[in-house]
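Here is how names work: the chains are called A, B, and so on, in the same order as the sequence lines, proteins then strands, and each is numbered from 1.
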Amino acid sequence: MPPKTKHRKDTSSHQYDLRDVVIQAGDCVLVQLPSGDITGVKVDSNSTATIKKFGSFHTNELIGQKYGNAYEIQGKRLKVLPPRTLQEVEDTEATNEYINDGEFVQPLTITEIQALKEAGVHATDIIKKQIELHSSYSLKTEYSKEKYKKRKEVKYFRTFITIPPTLNNVCEYWFLKDQARIRDIRVDTLSQLLNLANVKPGGRYIVVDDASGLVVSAMLERMGGEGRIITIHDSESPPPYPVMTNMNFSPETISILSSLNWATADEEYTPILPPTEVETTDAKSERQKSRLNKRKAMTNHLFSTRKELFDGEFDGLILATQYDPYSIIEKYAQYLGGSANLVVHSPYPQILADLQTKLRNYPEWLSPSLTESWLRRYQVLPGRTHPLMNMSGSGGYLLHVIRVYDDPEASYTKLYRHRNKKTKADAGDSSTPVIEGSSTLSTPVVSLDEGSYHNEMQMTEDVKLSTTM
Amino acid sequence: MWSSTREIAAGDLVIVWMTRDNIQPLVVTPGKDFNSKYGNYRQADFVGVPYGSKVGSPSGKGFVYLLRPTPELWTLALPHRTQIVYIADIAFITSRLNIRPGSRVIEAGTGSGSFTHSVARTIGESGHLWSYEFHEARANKAREEFTRHGMTNIVTLTHRNVCKEGFTVENTVDSVFLDLPAPWDAVEHAKKALRKDRITRICCFSPCMEQVLRTVAALNEAGFTEVSMYETLLRPHEVTQVPQPQLIGEVSSGLKEAEKRREEKRLRQIANNKARLAGTEPASSTKRKRGDERDARLADEISRRDLNPSDGSPGSKRVRTEEDEGMEAEADITTVSVQVDMIKADENEGKLVADESRMEITTSPSSPTPTSRISVSNALPEVRGHTSYLTFAILVPFSAPSGTGEEAASTIASELAPTPGASTTAAPSEAQDKSSVVAS
Ligand SMILES: C[S@@+](CC[C@H](N)C(=O)[O-])C[C@H]1O[C@@H](n2cnc3c(N)ncnc32)[C@H](O)[C@@H]1O
């Protein structure tokens with residue numbers, strides 16, 4: 001069977017995956033606390049979930065619920081709260097003119113608050129009480145009142161919101177939790193990677209993901225169970241890809257993923273596998289038989305995956321790896337089809353600059369481009385709209401290039417021979433940096449000087465080799 | 001949507017890549033020619049050629065690449081009828097709107113269809129995109145295009161003013177993208193079109209802050225929550241190879257040598273003067289002058305190279321002088337060759353260490369000097385600094401009933417029992433029945 005159609009499903013019967021709509025038993029659910037912190041909660045049926053320093057509740061209360069609800073923990077039960085809209089806070093005449101710095105006194109002592117809590121007074125009432133007792137509260141501006149209420153709320157409210165496991169949310173969660181483990185891939189950069197690699201249902205891709213499975217998860221999400229992903233990793237058993245845990249993928253979504261390692265993905269190498277037949281005339285025990293069958297299935301799967309890889313014609317090679325990218329490209333580019341996309345992510349521009357310099361020496365790589373994404377979030381409150389003070393430094397760098405079939409016979413030299421002399425002179429001036437393939441797909445708005453660019457395309461062979469390919 | 005076969009067939013859309021700035025779409029039509037300043041081609045010759053091939057013109061003058069279309073290439077090649085959205089914004093919007101295979105999406109206006117193609121690719125045949133454009137000619141052009149690109153099973157294009165007439169579907173879509181001048185006028189319509197059985201999402205794309213503020217107000221009014229606003233940009237980098245910056249050690253020893261020679265000369269001069277005064281030997285004024293000139297030029301050259309490290313391959317690191325005078329003293333300088341990789345990161349220590357052993361003084365001119373060029377990247381000097389502000393918001397299935405906005409927003413909100421019945425949910429689901437039980 002040709003590999004292209006092997007994993008295609010009948011699209012007409014495709015069922016929209018509800019995994020990010022309704023909480024199901026066994027899911028790992030992300031919840032956001034009033035402080036803004038996000039934490040994962042395992043929701044198995046008939047059990048109790050505990051949120052650190054927060055409280056516990058019966059997991060059955062969440063199963064079957066839609067994502068996005070706000071809950072308050074009351075005992076072990078959950079009370080659903082309506083969603084909050086951004087409140088129009090009208091600024092009053094009040095200013096902080098009469099509020100002296102440092103004069104703020106906590107209206108209730110800690111022991112008083114503790115006593116109220118123990119007496120079963122609701123957090124709302126505690127805050128109300130504090131506000132009543134707060135002498136300068138009415139002097140505050142509406143904005144600082146709001147801030148004050150928010151601060152108190154974070155302290156006393158035992159509420160949380162369930163966050164749907166969308167690609168965006170899971171990526172943001174991991175980026176905040178442990179940026180290094182996902183190799184600094186921020187959601188905007190990840191999104192660009194997916195687009196540059198033309199990830200789509202039915203596509204076939206070779207992937208190296210040393211970013212905890214973020215890239216694989218993102219691709220599985222964008223393929224909807226149609227197509228093929230072969231990942232190559234560095235361990236003897238398949239990698240765990242921890243990010244996938246947060247996505248709560250269905251088995252169908254994951255079914256298109258197979259993994260090889262750097263040994264089994266080597267075409268020159270024949271994997272050493274345990275025998276699938278035992279040379280014995282004795283009757284095999286059931287356990288023995290089932291073990292052998294399992295082994296046989298694994299061996300078959302390994303060999304069919306290898307064959308599929310080596311048969312090639314993949315649509316893309318996507319790398320987010322700690323290993324030397326060129327050593328991977330050198331070996332695996334041969335399995336790409338014409339017009340396939342190569343996308344490499346790295347937290348370090350140096351690694352991609354080096355790679356780009358190398359790729360330029362090979363005519364089968366069309367115009368590599370190196371980009372970095374920039375992302376700024378704004379606070380949008382009426383009358384107080386401004387960029388947030390903190391901004392993530394970088395989401396890493398992407399190199400994108402298209403693989404082409406070269407034809408050494410075809411060249412510009414004949415057409416432009418008469419102009420070569422002039423160009424040579426230009427190119428000889430090494431103090432002028434040569435603008436080259438950095439603006440491919442991603443920079444339609446860069447105003448490269450047409451004239452100087454075309455000069456490059458007309459350069460003599462030796463110069464062209466190092467600049468336009 | 002577009003061919004997935006290995007070879008180009010007659011009638012296929014291909015992207016003809018001539019240069020980075022000259023990328024053209026072409027529907028391969030045997031019998032017709034393709035003429036450009038990169039050669040003249042018979043389109044019949046393109047048929048049967050594998051996608052991704054470099055094709056030389058029959059005359060041998062010039063070549064082009066025939067690429068398989070992707071939405072990203074299409075965005076670069078498409079005929080502009082309007083301003084369009086580019087990859088950085090498209091990609092980010094797609095993720096934040098949770099657009100994926102099977103998604104149902106609305107966009108308005110269609111414009112030049114840049115966003116349309118990208119979304120159609122991502123949602124695939126199991127999804128659907130409703131696209132609206134009120135400019136009739138543009139709508140017709142877009143419709144032709146979508147038909148030619150085999151997208152009609154994924155995209156429904158409607159010619160209408162969405163701010164006035166709203167959308168053609170209700171309680172249906174997962175997300176809405178508004179790229180039009182007055183998105184706030186379409187927010188209520190969008191709310192109607194969004195399905196109410198799950199979280200749905202909206203994005204409004206506006207270049208001006210004033211538009212953002214009006215949009216935010218409208219979104220709040222309509223009961224959308226988690227309003228957030230972003231700006232995203234792509235910074236393209238250019239990669240160049242530059243010589244490894246020179247080490248000051250060489251410069252320093254060059255200067256020291258110069259100083260030494262100056263002192264020697266001074267002493268020689270004194271000796272000469274003494275001798276002349278003694279009447280033993282006549283002074284050579286020309287020679288003295290030449291020596292001074294040489295030193296000045298040497299110092300000049302050193303400082304120039306220091307300022308301009310790009311001027312100079314490893315060879316030029318050597319201090320050159322045509323003077324044969326004082327050759328002996330200069331011999332040491334001209335043979336100093338310092339390897340570029342003498343400083344390397346010590347992986348275990350995680351700090352920089354100088355590897356002294358790699359520094360070597362070579363005396364043989366034939367010993368190879370490593371090509372000490374390094375690849376560097378820096379942001380292109382001129383890039384777009386702003387595209388548009390992206391305002392996002394979500395609509396959670398059971399919004400608080402209108403009129404209670406203020407209370408709902410306040411922290412005292414927990415006193416309000418959630419009222420699923422009052423929400424706009426089409427059919428109360430199991431989950432919601434359950435939630436009301438929990439709440440009571
Ligand atoms: C900037 S363009 C959209 C570009 C598009 N997103 C793309 O990527 O190619 C805006 C389009 O919206 C259309 N438009 C403006 N107001 C509209 C309305 N009220 N209803 C429908 N279309 C509208 C305009 O005619 C124009 O074609």
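- Neither the backbone nor the side chain of B:Ile84 comes within less than 4.5 Å of any heavy atom of chain A.
- For the set A:Thr357, A:Ile23, A:Leu388, the count of heavy-atom pairs under 4.5 angstrom toward chain B peaks at A:Thr357.
- A donor atom on one side chain and an acceptor atom on the other are found under 3.5 Å apart for A:Asn169 and A:Thr166.
- In terms of modelled atom types and a separation under 3.5 Å, the side chain of A:Ser339 and the main chain of B:Arg68 share a donor-acceptor contact.
- Interface summary for chain B: among A:Glu172, A:Lys200, A:Lys358, A:Gln192, the most heavy-atom pairs under 4.5 angstrom belong to A:Gln192.
- Of the atoms belonging to A:Glu372, heavy atoms from both backbone and side chain fall under 4.5 Å from chain B.
- In this structure, B:Trp2 and B:His117 have parallel ring planes: the angle between them is below the 30° cut-off, well short of the 60° mark.
- Of the atoms belonging to A:Gln74, not a single heavy atom falls under 4.5 Å from chain B.
- Inspection of the B:Arg121 and B:Ser118 side chains reveals an N or O donor paired with an N or O acceptor under 3.5 Å.
- Below 30°, between 30° and 60°, or above 60°: for B:Phe63 and B:Tyr65 the angle between ring planes is above 60°, a perpendicular geometry.
- At distances below 3.5 Å, at least one donor-acceptor pair connects side-chain atoms of B:His128 with backbone N or O atoms of B:Ile154.
- Contact count versus chain B (heavy atoms, under 4.5 Å) is highest, among A:Val404, A:Asn168, A:Asn195, A:Thr189, for A:Asn195.
- Each of A:Leu352, A:Asp188, A:Leu193 has some count of heavy-atom pairs under 4.5 Å with chain B, and the biggest count is that of A:Asp188.
- In summary, the side chains of A:Tyr71 and A:Gln65 do present a donor paired with an acceptor at a separation below 3.5 Å, with no hydrogens or angles considered.
- Using a 4.5 Å cut-off between heavy atoms, B:Val212 contacts chain A through its side chain alone, with no backbone atom that close.
- Among the candidates A:Ala340, A:Gly338, A:Cys171, A:Ala353, the residue making the largest number of heavy-atom pairs closer than 4.5 Å to chain B is A:Ala353.
- The residue among B:Pro71, B:Ser377, B:Ser95 with the most heavy atom pairs within less than 4.5 Å of chain A is B:Ser95.
- Heavy atoms of B:Leu213 lying under 4.5 Å from chain A belong exclusively to its side chain.
- Contact of A:Thr385 with chain B is made through the side chain alone, with heavy-atom distances under 4.5 Å.
- Aromatic ring orientation, B:Tyr86 versus B:His80: tilted (interplanar angle from 30° to 60°).
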